[in-house]
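Basis for what follows: all heavy atoms, side chains included, without hydrogens, waters or symmetry-related copies.
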Amino acid sequence: MKRRSIITLSSSAIRCQKSDFMFVSVRQISNGGKRSKKKIYHRDYQLDKVMDLQKKPSLILQLKSIIQSQNHQRLLLRDLEKEVGFVAKWNFMSIIEKYPSIFRVGGGCGKEFPFVTLTGKAEKVAREEGEARNLMEPILVKNLRKLLMLSIDCRVPLEKVEFIGNELGLPHDFKKSLIFKYPEYFSIKVINGRAYLNLENWDSSLAVTAREERFARERMLQSAGGQNKVRITKDGNYLGPFAFKMCYAAGFRPNKSYLEELGKWQKMEFPSPYLNARRFEVADPKTRKRVVAVLHELLSLTMEKRMISAKLDAFHSEYRLPSN
C-alpha cells in the first residue's frame with residue numbers, strides 16, 4: 001500500500017500521520033552505524049477516527065461535483081467509470097445506493113439510459129454552499145495574500161497554489177473569481193516560462209500569525225514578563241508568547257532532562273515567519289524554530305488545519321524549509 005505522510009495542526013499543535021493513519025512521533029534507533037535507522041510509528045486513534053469519518057463525505061462531495069459538471073446536472077451511470085476509474089466506480093455505486101436522500105437514480109426505461117442526479121434537497125444545500133463561498137470571499141482573499149507574504153519573494157508558482165486549492169478552500173475558478181477580480185492585490189507574471197501568482201501590495205496589518213492573534217485574545221502577551229514563574233508541565237507545554245502546544249504519542253514519556261531542554265526551546269524567541277528568510281542563518285537555533293512557526297502559520301491558513309506532507313514539501317524553496 002502506498003503511504004503518504006500528513007501534517008496536521010490541531011489546537012495549535014503540529015502532528016504527522018501516515019496514510020493508513022499511523023501517527024507519528026518518530027524515534028530513531030541507531031545500532032553503531034551498522035544498520036539503517038529504524039523508525040517506530042505510534043497510532044493516534046483520535047486522528048484515525050477523524051480521517052475514517054472523512055472518507056465517505058469526501059466521496060459524496062466528489063460525486064456531487066462530477067454531477068454538477070455534467071450537462072443537465074445528471075451523470076449517466078455508464079460514464080461513471082470514465083470519470084473515476086473502474087475500481088473507484090464501485091465505491092461510488094455503493095454511495096449512490098446508500099444515500100437516496102442525496103442521489104436520485106432515474107432512467108432505465110425504454111431507450112433512456114440509467115442516470116444519477118442530485119435530489120431536490122441536495123440541490124438546495126448545493127446552492128447554499130455557493131452562497132457560503134460568496135460570504136467567505138474576503139477570508140479567502142486575506143488567506144491568499146498571507147500565503148504569498150510568507151514566501152521569500154512574495155510570489156508562488158500558480159501551479160502550487162492550485163495544488164493546495166482544496167485545502168485553502170479556493171473555488172475551482174479562483175483565477176477568474178479572485179485573482180483577476182482583485183488586481184490591487186494579485187497579478188500573474190511569467191518568469192522563465194513559469195506562471196507565478198504575485199503579491200502586488202504588502203500589508204503590515206496582515207503580517208500577524210494565528211498564534212499571536214490567539215495569545216492577544218488570551219491576554220498572554222501582556223503577562224510575558226512573568227513567564228519565568230510558570231513551570232513546564234509534564235507534557236512539555238508552556239504558557240508563554242514564544243511557545244507552541246506539544247502533543248506526544250501515547251507511548252512517549254519525556255524525562256526530566258528532555259523537559260528542561262524543551263523548556264529552553266519553548267522560551268526561545270524567534271523571528272516572525274513573515275520576515276524574509278534570507279535574513280537569517282540556517283544554523284541559528286532561532287531560525288530553526290522559525291521554521292516551525294512557518295509550518296504552523298501555513299497550516300492555520302487551511303480549512304481543516306492540516307495538509308499532506310507532499311503538499312507542504314512543494315513549498316520547500318518558496319518558504320526556505322529544511323531538507324528534512
TODO: Assess whether side chain to side chain contact (heavy atoms under 4.5 Å, CB included) is satisfied between Leu168 and Glu162, documenting all intermediate values.
DONE: CA-CA 9 Å; Leu168 296 175; Glu162 295 173 341; over 6 Å; no
TODO: Using the rule that two of Ile, Leu, Val, Met, Phe, Trp, Tyr join whenever any of their side-chain heavy atoms come within less than 4.5 Å, decide whether Leu206 and Leu298 are in one cluster.
DONE: yes
TODO: Check the angle between the aromatic planes of Phe86 and Trp90 and answer parallel, tilted or perpendicular using the 30° and 60° thresholds.
DONE: perpendicular
Task: ILVMFWY network linking Tyr185 to Ile188, side-chain heavy atoms under 4.5 angstrom - done: yes
Open item on the list: Less than 4.5 Å apart, side chain to side chain, heavy atoms only: is that true for Leu63 and Tyr99?
Closed with: no
- [ ] Check whether any side-chain heavy atom of Leu80 lies under 4.5 Å from a side-chain heavy atom of Val116, and answer yes or no.
- [x] no
Task: Pairing of Asp79 and Arg74 as salt bridge, 4.0 angstrom limit - done: no
Task: Cluster companions of Leu275 among Ile, Leu, Val, Met, Phe, Trp, Tyr (side-chain spacing under 4.5 Å) - done: Phe280
Task: hydrophobic_cluster_shared for Ile179 and Ile191, side chain cutoff 4.5 Å - done: no
Task: Separation between CD of Gln68 and OG1 of Thr117, rounded to the nearest 0.5 Å - done: 9.5 Å
TODO: Report the C-alpha distance between Asn91 and Val84 in whole Å, list the side-chain angles of each, state the deciding distance to 0.1 Å, and finish with yes or no for side chain to side chain contact (heavy atoms under 4.5 Å, CB included).
DONE: CA-CA 10 Å; Asn91 293 330; Val84 300; over 6 Å; no
Task: Given Lys189, Arg320, Arg278, the one that forms salt bridge (Lys or Arg N to Asp or Glu O under 4.0 Å) with Asp153 - done: Arg278
TODO: Treating Ile, Leu, Val, Met, Phe, Trp and Tyr as nodes and any side-chain heavy-atom pair under 4.5 angstrom as an edge, say whether Ile139 and Leu144 lie in one connected cluster.
DONE: no
Open item on the list: On a heavy-atom basis, which atom in Leu147 and which in Tyr319 lie closest, and how many Å separate them?
Closed with: O-OH, 2.7 Å
- [ ] Give a yes or no on this: more than 12 heavy atoms of other residues, nucleotides or ligands lie within 6.0 Å of atom CD of Glu128.
- [x] yes
- [ ] Any chance you could pull the hydrophobic cluster mates of Phe115, using side-chain heavy atoms under 4.5 angstrom and chaining through other members?
- [x] Leu76, Phe113
Open item on the list: A side-chain contact here means heavy atoms from C-beta on lying under 4.5 Å apart; do Ile96 and Leu77 qualify?
Closed with: yes
Task: Phe215 and Glu212, any side-chain heavy atoms less than 4.5 Å apart - done: no
Task: Exceeds 12 heavy-atom contacts within 6.0 angstrom, atom NZ of Lys160 - done: yes
- [ ] Search all heavy atoms of Leu140 against all heavy atoms of Pro171 and return the closest pair with its distance.
- [x] CD1-CD, 4.1 Å
Open item on the list: Tell me the closest heavy-atom pair linking Tyr274 and Arg290, and the distance in Å.
Closed with: N-NH2, 4.5 Å
Open item on the list: Under a 3.5 Å distance rule, please check whether Lys286 uses its side chain to pair with a backbone N or O of Met268 as donor and acceptor.
Closed with: no
TODO: Answer yes or no: is there a side-chain heavy-atom contact under 4.5 Å between Leu321 and Val291?
DONE: yes
Open item on the list: For the backbone of Val282 and the side chain of Thr287, can you confirm whether one donor and one acceptor N or O come within less than 3.5 Å of each other?
Closed with: no
Task: Minimum side-chain heavy-atom gap Arg127-Glu123 below 4.5 Å - done: yes
Open item on the list: Could you check whether any side-chain heavy atom of Leu118 comes within less than 4.5 Å of a side-chain heavy atom of Phe103, counting everything from C-beta outward?
Closed with: yes
Open item on the list: Return the CZ to NZ distance between Arg214 and Lys245, rounded to the nearest 0.5 Å.
Closed with: 8.0 Å
TODO: Measure from the ring center of Phe270 to the ring center of Phe244 and say whether it is less than 6.0 Å.
DONE: yes
- [ ] Report yes if some heavy atom in the side chain of Leu170 is under 4.5 Å from a heavy atom in the side chain of Lys175; otherwise report no.
- [x] no
Open item on the list: Rounded at 0.5 Å granularity, tell me how far CG in Leu259 sits from NZ in Lys256.
Closed with: 10.0 Å
- [ ] Determine the minimum heavy-atom distance between Asn201 and Arg145, stating which atoms define it.
- [x] O-NH2, 4.4 Å
TODO: Please lay out, stage by stage, how Val156 and Leu150 fare under the test side chain to side chain contact (heavy atoms under 4.5 Å, CB included).
DONE: CA-CA 10 Å; Val156 173; Leu150 284 171; over 6 Å; no
Task: Reported CD-to-CG distance for the pair Glu167 and Asn143, which is rounded to 0.5 angstrom - done: 13.5 Å
TODO: Verify the distance criterion only: is there a donor paired with an acceptor across the side chains of Glu297 and Thr209 at less than 3.5 Å?
DONE: no
- [ ] Mind checking the NZ-CD spacing from Lys181 to Glu137? Nearest 0.5 Å is all I need.
- [x] 3.5 Å
Open item on the list: Let's go through Lys146 and Lys142 carefully: what are the C-alpha distance in whole Å and the side-chain angles of both, what is the deciding distance for side chain to side chain contact (heavy atoms under 4.5 Å, CB included) to 0.1 Å, and is it a yes or a no?
Closed with: CA-CA 6 Å; Lys146 290 170 75 73; Lys142 175 185 174 182; 4.1 Å; yes
Open item on the list: Tell me the closest heavy-atom pair linking Gln73 and Ile67, and the distance in Å.
Closed with: O-CG2, 3.3 Å
Task: Residues that, via side-chain heavy atoms closer than 4.5 angstrom, fall in one hydrophobic cluster with Val125 - done: none
Open item on the list: Whether the Tyr196 and Glu318 side chains hold a donor-acceptor pair (N or O, under 3.5 Å, no angle test) is what I'd like checked.
Closed with: no
Open item on the list: Strictly distance-based, threshold 3.5 Å: is any side-chain N or O of Arg133 a donor or acceptor partner for the main-chain N or O of Gly169?
Closed with: yes
TODO: Identify whether Met149 and Val208 are in the same connected component of the hydrophobic contact network (ILVMFWY, side-chain heavy atoms under 4.5 Å).
DONE: no
Open item on the list: Other residues, nucleotides and ligands only: do more than 12 of their heavy atoms fall within 6.0 Å of CD on Glu97?
Closed with: no
- [ ] Keeping the roles fixed (side chain from Lys289, backbone from Phe242), state whether a donor-acceptor pair exists under 3.5 Å.
- [x] yes
Task: Least distance between heavy atoms, Ile152 atom then Ala277 atom - done: CG2-CB, 3.9 Å
- [ ] Check whether any side-chain N or O of Arg288 sits under 3.5 Å from a backbone N or O of Ala283 as a donor-acceptor pair, and report yes or no.
- [x] yes
TODO: First locate atom CD of Glu129, then atom CE of Met136, and finally report the distance between them rounded to the nearest 0.5 Å.
DONE: 10.0 Å
